[in-house]
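Have a look at the structure below before the remarks.
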Amino acid sequence: MSTEEKPEPAPPTNFIREIIDADNLSGKFGGRVHTRFPPEPNGYLHIGHAKSICLNFGLALKYGGKCNLRFDDTNPAKEDVEYVDSIQEDVRWLGFQWDNLLYASDYFETIYQYAEQLIEKGLAYVDSCTTDEIRQLRGTLTHAGKPSPYRDRSAAENLDLFRRMRAGEFPDGAHALRAKIDLSHANMNMRDPLLYRIRHAEHHRTGNKWCIYPLYDFTHGYSDSLEGVTHSICTLEFENHRPLYDWLIDVLGLYHPQQIEFARLNLTHMMMSKRKLLELVETKSVTGWDDPRMPTIAGIRRRGYTPEAMRAFCEEIGVTKFNSLTEIVVLENAVRADLNKRANRVMAVIHPIKIVLENYPDDQVEELDAINNPEDPSAGSRRVPFSKVLYIERDDFMETPPKQFFRLSPGREVRLRWGYLITCQSVVKDPATGEIIELRCTYDPLTRGGNAPDGRKVKSTIHWVSAAHAVDAEVRLYDHLFSIPNVADIPEGEDWKNYLNPKSLVVVPAAKLERSLVTAQPGDRCQFERLGYFCVDKDSKSDKLIFNRTVTLKDEWAKIQKKQGA
RNA sequence: UGCCUGAUGGUGUAAUGGUAGCACGAGUGACUCUGGAUCACUUGGUCGAGGUUCGAAUCCUCGUCGGGCAACCA
């Protein structure tokens, strides 16, 4: 240790770790840390869930504790095994392994017994009001509720009714079990909350064994308690439920986990509502749950994001109780940072324009050395074919360039990456439309590899592909799903789908790729030099390659253009 | 009109009564065979008003503003 060394940066912390540290110090849970990730299998997981997953599993890892994956499957009407499967895949993909794979439905019998105990203690009753009546009697935010006419049934009558509910004697909605707490409680959740409802529905795990199902509040805390969870971490909207969570556990004298709430993730140009995501899928606004524009984990995986980048992102954004809106560039930056280190560079021309090297021998082909990843010497190098007719990016040429544009233009010399220095001699246009269809250039034979023996410099290096050797591929250019930053700003009553970005997907049917890409396999990631990071789509075939743009590279020129336009 | 909860640069997040720091963004420059990467520097903040204290982002009081809550959803 030298005195010159900078002081160690403080380890990143958050209020939940502080609570755990304090609990460990006081011995509240005997030094144990046990968390759980409790998704309802009613949709695909999204980036917001990734935050929760990283938090819960990360805490267990950090403290040498445990983390369960528990499906909160108490509503058979909305749930499905498709979701159960996708959720497990997503958690694994993120790099986490649960200690126990559990289902709230595993506890249905135990929880049912708890309900009977509550009835026997006079703390729960069967209400035979309709949904409307219950709503009426519950009162409002500012006015106390009134007791149901069935509130004072005897324990024996309640027990009899409840058992007959379970036995299937009643149709849906005929009765419901309610906790007997306080109809004038300031917290609406404490105004005799419903505990069980009758649902003659087949459950994806328990089949037709049950026709009554417990509600979230009645199930969740008991599940935590049964599993020995220490810190039950959930999002802010459950804050008002904590008194009920505590009450239900305490009246039965059960082991009491601590519920802690944190703010869910919001991202600009994104939307995290499961319901609306489902709507996008059902209205075919996107191709499915794993459409690369979706904020789902399946979507961003298909888009080419890495689990490492996702975990780094979740670490980066922190955990608080503040309702925040994180800029999407933070996410994009995380994947750039990761891929910059590991993605091999290749050359691909997305919007090609043909150039002909007038002084290059007609049938000559050279194999030029190209480094695969300047950030990683161990990635080695490859050979790329060079010939008389090439494609370059249309944007890399301007006939009348503005001051700050230093790519190709008439009379100007630029470097072809790993190739030669070339100079544009003339422009060939379609006489009918005036459109530029070809550039006539000359190359300097002395500059093979990209350096001039006389030491002269060029301002720009551009990418290219040999026309004769090019591989065609479909390239899907993705952009933000929403055109506005804050989806929450959309006025109530207005159709939020009007704010979808019409250019969130631009398909380029025939981009020109360098030869080495013919063998690209689904899932492969690479950087198209100067354009961005791309990955091979799962639908890609050897005779029809498909690439997804994960994220563009930072683009200084685009920034300059934007400034000039403004 | 009730209850719960929150407020630190443009954004996100540290500080636990003792120099307001970090990351991203933005700006400037260096370097560069990717207008990438990297490096350096700069910019800019404690919601308001009182109070306690030698000292307050932090504690107290009163405001202001934001979020959540009235499914037999989770």
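In what follows, chains carry the letters A, B, and so on, assigned in the order in which the sequence lines appear, proteins first and then strands, with residues in each chain numbered from 1. Because only heavy atoms are used, hydrogens play no part in the values below, and waters and symmetry mates are left out as well, while side chains stay in.
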At less than 3.5 Å, do the side-chain atoms of [X] and the base atoms of [N] form a donor-acceptor pair?
{"X": "A:Q527", "N": "B:U34", "result": "yes"}
{"X": "A:Q561", "N": "B:G35", "result": "no"}
{"X": "A:H185", "N": "B:A70", "result": "no"}

If we call it a pair only when both distances are under 3.5 Å in a Watson-Crick or G-U wobble match, what pairs with [N]?
{"N": "B:G48", "answer": "B:C62"}
{"N": "B:G9", "answer": "none"}
{"N": "B:A71", "answer": "none"}
{"N": "B:U34", "answer": "none"}
{"N": "B:A40", "answer": "B:U28"}
{"N": "B:A56", "answer": "none"}

Write down the distance between [atom1] ([X]) and [atom2] ([N]), rounded to a whole number of angstrom.
{"X": "A:D182", "N": "B:G2", "atom1": "CG", "atom2": "C1'", "result": "13 Å"}
{"X": "A:L531", "N": "B:G35", "atom1": "CG", "atom2": "P", "result": "10 Å"}
{"X": "A:I462", "N": "B:U32", "atom1": "CD1", "atom2": "C1'", "result": "17 Å"}
{"X": "A:E529", "N": "B:G35", "atom1": "CD", "atom2": "C1'", "result": "13 Å"}
{"X": "A:L244", "N": "B:A74", "atom1": "CG", "atom2": "P", "result": "13 Å"}
{"X": "A:K341", "N": "B:U38", "atom1": "NZ", "atom2": "P", "result": "6 Å"}
{"X": "A:I317", "N": "B:G12", "atom1": "CD1", "atom2": "P", "result": "11 Å"}
{"X": "A:E375", "N": "B:C31", "atom1": "CD", "atom2": "C1'", "result": "14 Å"}

So what does [X] hit on the nucleic acid, given a heavy-atom distance under 4.0 Å: a base, only sugar-phosphate, or nothing?
{"X": "A:N14", "answer": "sugar-phosphate"}
{"X": "A:Y213", "answer": "nothing"}
{"X": "A:Y196", "answer": "nothing"}
{"X": "A:E261", "answer": "nothing"}
{"X": "A:R345", "answer": "base"}
{"X": "A:T140", "answer": "base"}
{"X": "A:F405", "answer": "base"}
{"X": "A:I134", "answer": "base"}
{"X": "A:P38", "answer": "nothing"}
{"X": "A:C129", "answer": "base"}
{"X": "A:N75", "answer": "sugar-phosphate"}
{"X": "A:V458", "answer": "nothing"}
{"X": "A:T268", "answer": "nothing"}
{"X": "A:R138", "answer": "sugar-phosphate"}

Checklist entry - Given that A:P214 and A:F15 both sit by RNA chain B, which one's nearest nucleotide is further toward the 5' end? => result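 Counting from the 5' end, the first nearest nucleotide belongs to A:F15.
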
Item to check | Earlier contact from the 5' end, RNA chain B, for A:L141 and A:L325 | outcome: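 Closest to the 5' end, via its nearest nucleotide, is A:L141.
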
Item to check | A:D73, A:N68, A:D72, A:L69 screened by side-chain contact (heavy atoms from CB on, under 4.5 Å) with A:P38, the one that passes | outcome: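 Result: among A:D73, A:N68, A:D72, A:L69, A:D72 is the only option passing the side-chain contact (heavy atoms from CB on, under 4.5 Å) with A:P38.
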
Distance test, side-chain N/O of [X] to OP1/OP2 of [N], below 4.0 Å:
{"X": "A:R407", "N": "B:G35", "result": "no"}
{"X": "A:R275", "N": "B:C73", "result": "no"}
{"X": "A:R199", "N": "B:C73", "result": "yes"}
{"X": "A:T74", "N": "B:A74", "result": "yes"}
{"X": "A:T320", "N": "B:U13", "result": "yes"}

[atom1]-based separation of [M] from [N] [nearest Å]:
{"N": "B:C69", "M": "B:U13", "atom1": "C1'", "answer": "28 Å"}
{"N": "B:A20", "M": "B:U43", "atom1": "P", "answer": "15 Å"}
{"N": "B:G45", "M": "B:C54", "atom1": "P", "answer": "30 Å"}
{"N": "B:U32", "M": "B:C24", "atom1": "P", "answer": "23 Å"}
{"N": "B:C60", "M": "B:C41", "atom1": "P", "answer": "39 Å"}

Item to check | Under 3.5 Å donor-acceptor, A:Y222 side chain and A:L248 backbone | outcome: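 Yes; judged by distance alone, with no hydrogens or angles, the pair exists.
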
Checklist entry - Between the side chain of A:T130 and the main-chain N/O of A:E133, is any donor-acceptor distance below 3.5 Å? => result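 Here the side-chain-to-backbone pair exists.
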
Next on the checklist: Is it the case that the side chains of A:R36 and A:S232 hold a donor-acceptor pair, with the cut-off being a distance below 3.5 Å and no angle test?
Outcome noted: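 Per modelled atom types, A:S232 and A:R36 side chains form a pair under 3.5 Å.
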
Checklist entry - Are A:H49 and A:R264 close enough that a side-chain donor and a side-chain acceptor fall under 3.5 Å? => result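 The criterion, which ignores hydrogens and geometry beyond distance, is not satisfied for A:R264 and A:H49.
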
Item to check | Listed partners of A:R191 passing salt bridge (Lys or Arg N to Asp or Glu O under 4.0 Å), at least two apart | outcome: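 A:R191: no salt bridge (Lys or Arg N to Asp or Glu O under 4.0 Å) contacts found.
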
Checklist entry - Does A:R205 count as lying over the ring of A:Y103, i.e. NZ or CZ under 6.0 Å from the six-ring centre, within 45 degrees of the axis? => result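 Verdict for A:Y103: a cation-pi partner in A:R205.
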
Next on the checklist: Given A:R530, which partner from the list A:D396, A:D555, A:D395, A:T552 fulfils the side-chain hydrogen bond (donor to acceptor under 3.5 Å, both in side chains) test?
Outcome noted: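 The residue from A:D396, A:D555, A:D395, A:T552 that satisfies side-chain hydrogen bond (donor to acceptor under 3.5 Å, both in side chains) with A:R530 turns out to be A:D396.
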
Next on the checklist: For the CZ atom of A:F322 and the CG atom of A:L236, what is their distance to the nearest 0.5 Å?
Outcome noted: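 A:F322 CZ to A:L236 CG: 11.0 Å, rounded to 0.5 Å.
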
Item to check | Under 4.0 Å protein heavy-atom contacts per nucleotide of nucleotides 24-29 of chain B, with B for base, S for backbone only and - for none | outcome: SSSS--

Checklist entry - Where does B:A71 land, syn or anti, once you apply the within-90°-of-0 test for syn? => result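 Syn, since the glycosidic angle lies within 90° of 0.
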
Next on the checklist: Quick check on the 6.0 Å ring-centre criterion: do A:Y420 and A:F386 meet it?
Outcome noted: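 Yes - the distance between ring centres of A:Y420 and A:F386 falls below the 6.0 Å cut-off.
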
Checklist entry - Would A:E261 and A:K321 pass as an ion pair if we require N to O under 4.0 Å? => result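 The answer is yes: the pair qualifies as a salt bridge.
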
